[in-house]
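Reviewing the structure listed below.
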There are 2 protein chains.
Amino acid sequence: MAGVIPPTYADVESAAARLLGHAHRTPVLTSSRVDDEVGARVFFKCENFQRMGAFKFRGAFNALSRFDDEQRRAGVVAYSSGNHAQAIALSARLLGIPATIVMPHDAPAAKVAATRGYGATVVSYDRYAEDREAIGRALAATRGLTLVPPYDHADVIAGQGTAAKELIEEVDGLDALFVCLGGGGLLSGSLLAAQALSPSTRVYGVEPAAGDDGQRSLRSGEIVHIDTPDTIADGAQTQHLGELTFAIIRREVDDIHTATDAELVDAMRVFASTLKIVVEPTGCLAFAAVRRLAPELAGQRIGVLVSGGNVDLARYAELISRPAPAR
Amino acid sequence: MAGVIPPTYADVESAAARLLGHAHRTPVLTSSRVDDEVGARVFFKCENFQRMGAFKFRGAFNALSRFDDEQRRAGVVAYSSGNHAQAIALSARLLGIPATIVMPHDAPAAKVAATRGYGATVVSYDRYAEDREAIGRALAATRGLTLVPPYDHADVIAGQGTAAKELIEEVDGLDALFVCLGGGGLLSGSLLAAQALSPSTRVYGVEPAAGDDGQRSLRSGEIVHIDTPDTIADGAQTQHLGELTFAIIRREVDDIHTATDAELVDAMRVFASTLKIVVEPTGCLAFAAVRRLAPELAGQRIGVLVSGGNVDLARYAELISRPAPAR
């Protein structure tokens with residue numbers, strides 16, 4: 001069965017070939033003011049400029065590109081209230097595949113509308129009474145749909161790895177790379193790319209301080225499950241790593257750091273005022289950790305994966321209006 | 001005397017050579033969602049990612065690069081409360097030239113601090129009682145400083161033209177290019193580049209509806225002076241075009257359009273929510289006009305110069321929180 005064998009760097013390369021001409025090759029931004037503040041050279045890989053506003057397009061498009069004719073005809077199902085839903089919906093539209101997205105009944109109207117706007121069928125569920133994974137599996141079984149999970153899937157991981165591949169190919173001699181961590185799709189894909197292309201680059205995951213299951217999993221050697229963490233980083237409100245992502249992370253990652261919501265807001269304000277880019281809370285995780293760890297990174301060349309920019313405008317305005325939190 | 005002879009495209013090429021390795025080659029962003037909304041292919045040249053956050057760095061650095069040894073020793077003077085001040089201050093620091101900036105006594109503390117942060121000396125004046133141009137000229141005369149005006153100077157115009165040059169070289173077959181218009185430095189430089197590199201591309205200036213002196217000047221054939229216009233586009237609150245800029249604009253421009261403050265806010269929100277970039281009000285002028293003129297632009301390839309991203313964060317948050325104005 002596709003998707004359960006851990007991917008390798010060869011899969012990242014194949015994914016890059018499939019994404020060529022479909023995904024944006026996103027720009028790498030730098031800022032001498034940020035460099036002065038951090039005391040290091042920082043290279044921002046801006047996946048907030050990716051199609052549908054987040055790196056998730058890479059994994060979704062790669063996974064759907066590998067569907068056989070029967071799978072394409074029957075369609076794809078995914079459960080997500082966030083970027084994965086829109087990534088699957090857009091990729092399915094581009095590839096002419098019917099898409100069904102399982103979303104909570106109280107998902108923001110704008111997100112439901114955006115998903116429908118890409119031509120997907122939205123199935124609602126009661127997030128307090130029903131299990132979205134079970135609904136997704138049931139739809140897959142009864143209608144012959146192929147389920148594409150948000151992170152624990154070889155093709156998804158391989159697709160996500162293409163962002164780090166592009167960054168490492170464009171920027172020589174990175175000493176370290178910081179990547180946000182939710183379910184681990186982006187981090188595990190980045191690890192495959194870094195290990196193959198720049199083995200001396202240290203790679204760090206960064207997760208919300210309120211949801212440090214990744215850090216605890218790494219320390220304990222087994223996947224730790226937690227309650228849904230209370231954090232503004234809605235893209236990293238995962239309860240546990242995946243089997244495939246953890247297998248890679250455990251083997252390759254240098255360490256896992258955390259960032260508080262106050263640090264995320266602080267980073268978000270620097271992104272807006274200095275780099276002039278809109279970054280969603282989850283996309284601020286990596287840079288927040290770099291800012292905190294700056295003394296240890298002095299003089300180094302640092303890569304930062306900016307994962308996405310999908311945030312409600314009113315909410316965004318409220319966050320950047322906050323006075324900078326005490327450091 | 002340097003600066004009073006109208007520049008040509010050869011000067012834009014020389015400026016590009018001087019800026020190589022000093023100015024950022026800013027990315028060109030596209031969005032299929034914007035394309036769908038506008039009904040055209042739109043290419044955004046993102047000068048909000050330029051050094052110090054605006055295209056003004058190009059003209060300032062080019063002008064200061066041409067100083068002779070005596071001018072470099074004596075230093076530069078400029079009057080501005082906005083991006084030109086910071087562009088001169090940063091360029092002077094990079095080139096080791098002392099800089100004096102004449103700023104109004106009630107300029108925002110953050111802007112004064114930023115200008116001082118680049119190592120410039122700030123001279124305050126009372127904007128209600130004193131004439132900044134006279135103060136600038138007096139400092140130039142008594143201390144031997146070289147005055148670099150914000151737009152009506154051949155080296156400044158030639159430097160600004162390098163942004164459009166990069167865009168036209170990167171994107172083939174533009175049918176039209178939209179450029180914001182204050183004093184005319186960016187527009188006249190863009191006209192030189194377009195005329196030389198892509199003469200079939202129509203080039204339009206876009207100024208605030210509250211300050212339509214450019215449009216009126218074009219219609220009447222002579223430079224129209226107005227009171228300082230009341231608009232959120234603070235970078236385009238100029239009272240008249242320059243002699244040099246008008247000479248080029250009058251000869252080359254296809255037309256001049258205007259945009260209301262409500263249209264600027266609307267464009268600013270699209271920049272944030274769809275393109276994920278922070279753009280200052282003046283930087284929204286060109287795109288606002290494209291959105292309004294969309295029916296006439298159907299199916300075309302359109303370039304949009306995004307001039308800068310320097311806006312106070314609290315102010316920015318307030319603007320993007322506003323409900324979209326009626327269209």
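Here is the naming used below: chain letters follow the sequence lines, and residue numbers restart at 1 for every chain.
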Rounded to the nearest 0.5 Å, how far apart are CG of B:L319 and CG of A:L313? 11.5 Å

If you draw a 6.0 Å radius around CZ in A:R33, do more than 12 non-hydrogen atoms from other residues or ligands fall strictly inside? no

Do A:K276 side-chain atoms and B:G309 backbone N/O form a donor-acceptor pair below 3.5 Å? yes

Residue [X] versus chain B: region with a heavy atom under 4.5 Å:
X: A:T30; result: both
X: A:R51; result: side chain
X: A:N310; result: both
X: A:L29; result: side chain
X: A:A314; result: neither
X: A:F271; result: neither

State, to 0.1 Å, how close A:A317 and B:I320 come at their nearest heavy-atom pair, and which atoms those are. CB-CG1, 3.9 Å

B:F49 versus A:L275, closest heavy-atom pair with distance: CE2-O, 3.2 Å

